Amino acid sequence: MYKYSIFETKYGNMGAVASEKGLHMIILPKKKPEEVKKELEQYYTELIRDEEGLKGIGGRMREYLDGKKVKFREKMDLAGATDFELKVWDATLGIPYGETRSYAWVAKQIGEGKGVRAVGGALGRNRLPIIIPCHRVVSKEGDLGGFSAGIEMKVLLLKIEGALLC
DNA sequence: ATGCGAAGATGGA
DNA sequence: TCCATCTTCGCAT
């Protein structure tokens, strides 16, 4: 059973889902609340709305989007992830606010120097964008690389953190 | 400077 | 089993 909350931010309506163990998924901003709901129903069958229990994360998310250096210390429910994914996400968590690293850097951190593409794959499967700063991982030589939720969102997040000049 | 091929992990068809 | 996915590096052109 999962609890969820849909909240309004300056960039649109976001969603947060949590189990008893912790945060399970974050839905990046969408135009309408219904779109968030629809996406949630696509992944979960048992959902209960719980604005009260999740208003903490909602509030911190709003502060983050306002450009504050928010520290997300939420508990995370990473059930279902493979060893490799856990290592990738852990290394990504270590990238400081406002800075970026390359996929190769992440691969090196976890001792998988040749698994750069696998790193990209694992980040793409990340259910907790922003909390796990997958947007801080970019391609080498200034290229941004990709982003499953849309490259525009990656650009937006990096601009918010001031990691992108323009 | 640009194009091509190959290498890793994982999930879906 | 094959294909696509948030990449990078070496080699040839």
Side-chain angles (χ1 to χ4, degrees), chain A residues 1-2 4 9-19 21-31 35-47 57 60-61 64-65 67 69-72 74 76-166:
Chain A
M1 179 53 78
Y2 293 95
Y4 77 97
T9 73
K10 61 192 293 190
Y11 297 110
N13 295 277
M14 295 186 64
V17 180
S19 68
K21 295 185 190 164
L23 266 187
H24 197 260
M25 167 153 56
I26 292 292
I27 303 291
L28 262 0
K30 300 205 179 300
K31 207 83 176 176
E35 296 178 68
V36 178
K37 185 79 192 300
K38 196 172 165 190
E39 176 140 356
L40 288 176
E41 289 170 342
Q42 192 175 323
Y43 294 107
Y44 304 91
T45 51
E46 293 188 286
L47 283 171
I57 180 64
R60 275 191 289 288
M61 201 56 82
Y64 170 85
L65 294 174
K69 284 193 188 181
V70 180
K71 286 239 178 187
F72 291 104
E74 328 295 324
M76 299 183 273
D77 179 359
L78 269 15
T82 62
D83 259 14
F84 184 82
E85 290 171 334
L86 290 178
K87 280 192 286 184
V88 170
W89 297 343
D90 196 49
T92 303
L93 245 9
I95 304 174
Y97 182 99
E99 294 185 28
T100 60
R101 295 288 185 278
S102 70
Y103 292 93
W105 180 89
V106 175
K108 195 174 179 185
Q109 293 305 299
I110 62 179
E112 298 275 353
K114 39 190 162 63
V116 283
R117 283 166 304 158
V119 168
L123 288 176
R125 255 170 274 124
N126 167 28
R127 299 194 296 277
L128 300 168
I130 298 184
I131 311 244
I132 292 178
C134 46
H135 56 282
R136 291 185 196 141
V137 185
V138 298
S139 219
K140 277 199 154 183
E141 302 303 325
D143 280 326
L144 279 180
F147 202 61
S148 63
I151 196 64
E152 305 78 18
M153 191 54 64
K154 187 170 190 172
V155 170
L156 173 62
L157 294 173
L158 289 174
K159 280 185 181 172
I160 290 174
E161 298 193 359
L164 220 49
L165 296 315
C166 155

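Residue numbers begin at 1 in each chain, while the letters A, B, ... track the order of the sequences. Values below: all heavy atoms of this structure, side chains included; hydrogens, waters and symmetry mates excluded. The structure presented is a predicted model; accordingly, all values stated were derived computationally and were not measured.
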Candidates B:dT10, C:dC6, C:dT8 - which lies nearest the side chain of A:K154
C:dC6

Quick one: A:F147 CZ to C:dT7 P, roughly how many Å, whole number?
12 Å

Tell me: CZ of A:R125 to P of C:dT7, nearest whole Å?
12 Å

Could you give the CG-to-P distance, from A:L144 to C:dC6, as a whole number of Å?
14 Å

Please list each protein N or O that sits under 3.5 Å from an N or O in nucleotides 10-13 of chain C, with the distance.
none

Nucleotide C:dT7, atom P - distance to CZ of A:R136 in whole Å:
19 Å

Stem list for DNA chain C, please, built from Watson-Crick and G-U wobble pairs under 3.5 Å and keeping only runs of at least 3.
B:1-7 with C:7-13, B:9-13 with C:1-5

Among C:dT7, C:dT8, B:dT10, the one nearest any side-chain atom of A:A104 is C:dT8

To the nearest angstrom, how far is A:F84 atom CZ from B:dA7 atom C1'?
12 Å

From the list C:dT7, C:dC6, B:dG8, which nucleotide is the closest neighbour of the side chain of A:A118?
B:dG8

Whichever of A:V138 and A:G121 has the more 5' nearest nucleotide on DNA chain C, that residue is A:G121

Residues A:N13 and A:V36: closest non-hydrogen pair is O-CG2, 3.1 Å

Whole-Å distance between B:dA9 P and A:L86 CG?
15 Å

Of the listed nucleotides (B:dT10, C:dC6, B:dA9), which one gets closest to any side-chain atom of A:Y103?
C:dC6

With a non-hydrogen cut-off below 4.0 angstrom, is A:G124 in contact with a base, only sugar-phosphate, or nothing?
base

When the distance from CH2 of A:W89 to P of B:dT10 is rounded to whole Å, what number comes out?
11 Å

Nearest whole angstrom, please: distance from the P of B:dT10 to the CG of A:L123.
13 Å

Can you check the distance between B:dG3 and C:dC6, where both ends of the measurement are the C1' atom (answer in whole Å)?
22 Å

Any side-chain heavy atom of A:I160 within less than 4.5 Å of one from A:H135?
no

Evaluate the criterion side-chain contact (heavy atoms from CB on, under 4.5 Å) for residue pair A:M14 and A:I26; output intermediate values, then yes/no.
CA-CA 7 Å; A:M14 295 186 64; A:I26 292 292; 3.8 Å; yes

Quick one: does A:Y2's side chain get under 4.5 Å of A:M25's, heavy atoms only?
no

Mind telling me whether A:F72 and A:Y64 have parallel, tilted or perpendicular rings, with 30° and 60° as the class edges?
tilted

A:R101 side chain reached by A:P96 side chain, heavy atoms, under 4.5 Å
yes

Report yes if the side chains of A:I131 and A:I57 come closer than 4.5 Å at any heavy-atom pair, otherwise no.
yes

Derivation of the side-chain contact (heavy atoms from CB on, under 4.5 Å) call for A:L128 and A:W89
CA-CA 10 Å; A:L128 300 168; A:W89 297 343; over 6 Å; no

Choose from B:dT10, C:dT7, C:dC6 the nucleotide whose nearest atom is closest to any side-chain atom of A:R117.
C:dT7

Can you check whether A:S139 has a side-chain N or O nearer than 4.0 Å to OP1 or OP2 of C:dT8?
yes

Does A:P29 reach the side chain of A:M153, with side-chain heavy atoms less than 4.5 Å apart?
yes

Are there over 12 heavy-atom neighbours, none belonging to A:D143, within less than 6.0 Å of that residue's CG?
yes

For A:K140 and C:dC9, is the shortest distance between a side-chain N/O and OP1 or OP2 below 4.0 Å?
yes

